Amino acid sequence: MKVFDTINETENHLKSFQNKSIGFVPTMGALHEGHIALIKKSVAKNDLTVCSIFVNPTQFNNPEDLKKYPRTLDEDCKMLEEAGCDVVFAPTAEEMYPNLPQIKLNFGYLEEIMEGKFRPGHFNGVGIVVAKLFNIVKPNKTYFGQKDIQQVAVINRLVKDLSFDLEMIVCDTIRENDGLAMSSRNRRLSKGARDLAPKIYESLKLGEKLLLAGESTESVKSKVSEFYLNYPEFELEYYEITDFESLESISEHNPKRRTAIIIAAHLGGVRLIDNHVF
Ligand code: PAF
């Protein structure tokens with residue numbers, strides 16, 4: 001496995017694979033089994049698999065969050081090599097941004113809801129860095145996790161609007177045995193917080209049960225708020241019930257369409273997101 005930290009080296013190396021299929025998994029490192037599942041999918045379907053590891057400063061609207069984001073490059077490389085990854089691109093911030101980008105990407109409605117609303121500027125940062133990475137790696141296929149459901153919608157928009165010639169593959173969320181969605185941020189949870197964290201998934205499953213029993217989304221949201229009264233350690237940022245395709249709020253579950261329940265909550269100083277689609 002080759003590890004590069006410059007754009008030049010990466011592009012030069014990838015030039016010799018022009019006629020091969022390249023699968024690409026962009027990450028911010030602190031890898032877990034969820035990332036490795038994406039790498040393995042890519043390895044199975046492509047001649048070459050590239051993973052980027054870059055904690056992108058421009059997508060953090062909270063400097064403290066950026067500072068605390070786990071960085072574990074050596075461990076990450078070991079996991080990637082074992083999973084069959086061929087190339088790692090792990091640039092510094094100076095390499096990616098010799099000058100801060102002046103353009104601004106606006107994803108319309110997606111900026112106004114959930115992650116867009118609570119993390120202003122986040123998707124501008126995500127969109128620009130992913131576009132830069134696509135230009136550097138020139139993948140045929142790219143792999144993203146369903147856990148970041150709104151990011152998936154943003155990248156789909158980016159690919160369509162900027163005509164990137166690639167296929168986007170969205171992979172299921174990988175969970176711990178107790179239901180907690182795997183996330184790089186989980187390693188920042190204290191023991192007590194880690195024990196409580198599966199309540200997030202429990203609240204998503206509770207929402208599903210109530211919606212399938214015919215309750216309105218308003219009633220479900222109020223019952224979920226009551227559920228969290230039992231666990232004051234959580235600070236709920238949002239709990240939204242939306243159409244899976246449009247991510248627009250719905251008033252009840254439509255059995256002919258897929259519903260997504262999407263949550264963000266703070267627990268012990270760590271911000272966690274998750275979703276459940278049915
Ligand atoms: O999902 C992530 O880890 C990041 O948002 C991404 C896509 C690597 C862009 O920095």
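Every number for a ligand or one of its atoms is a count from 1 in the order of the listing. Quantities reported herein were computed from a predicted structural model and do not represent experimental measurements. Note: hydrogens, waters and symmetry copies are ignored here, and every other heavy atom, side chains too, is used.
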Problem set entry | Residue pair Thr58, Asn56: steps toward the side-chain hydrogen bond (donor to acceptor under 3.5 Å, both in side chains) verdict | CA-CA 6 Å; Thr58 67; Asn56 174 34; 3.1 Å; yes
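Residue contact check: Phe144 has heavy atoms under 4.0 Å from atoms 7 (C) of ligand 1. Residue-ligand proximity, Thr27 to ligand 1, at heavy-atom distances under 4.0 Å covers atoms 8 (C). Interface of Val129 with ligand 1, defined as ligand atoms under 4.0 Å from a residue heavy atom, comprises 9 (C), 10 (O).
In this structure, the protein non-hydrogen atom closest to atom 9 (C) of ligand 1 is Gln59 OE1, 3.3 Å. Looking only at protein heavy atoms, the nearest one to atom 1 (O) of ligand 1 is Gln151 NE2, 2.8 Å. Shortest contact from atom 3 (O) of ligand 1 to any protein heavy atom: Met28 CG, 3.5 Å.
Taking the six-membered ring where the residue is Trp, the centroids of Phe89 and Phe4 are separated by 6.0 Å or more.
For the residue pair Glu9/Thr6, the side-chain donor-acceptor check at 3.5 Å is satisfied. A donor-acceptor contact closer than 3.5 angstrom links the side chains of Glu115 and Tyr238.
Between Lys209 and Glu215, none of the side-chain N atoms (NZ, or NE/NH1/NH2) sits under 4.0 Å from a carboxylate O, so this pair counts as no salt bridge.
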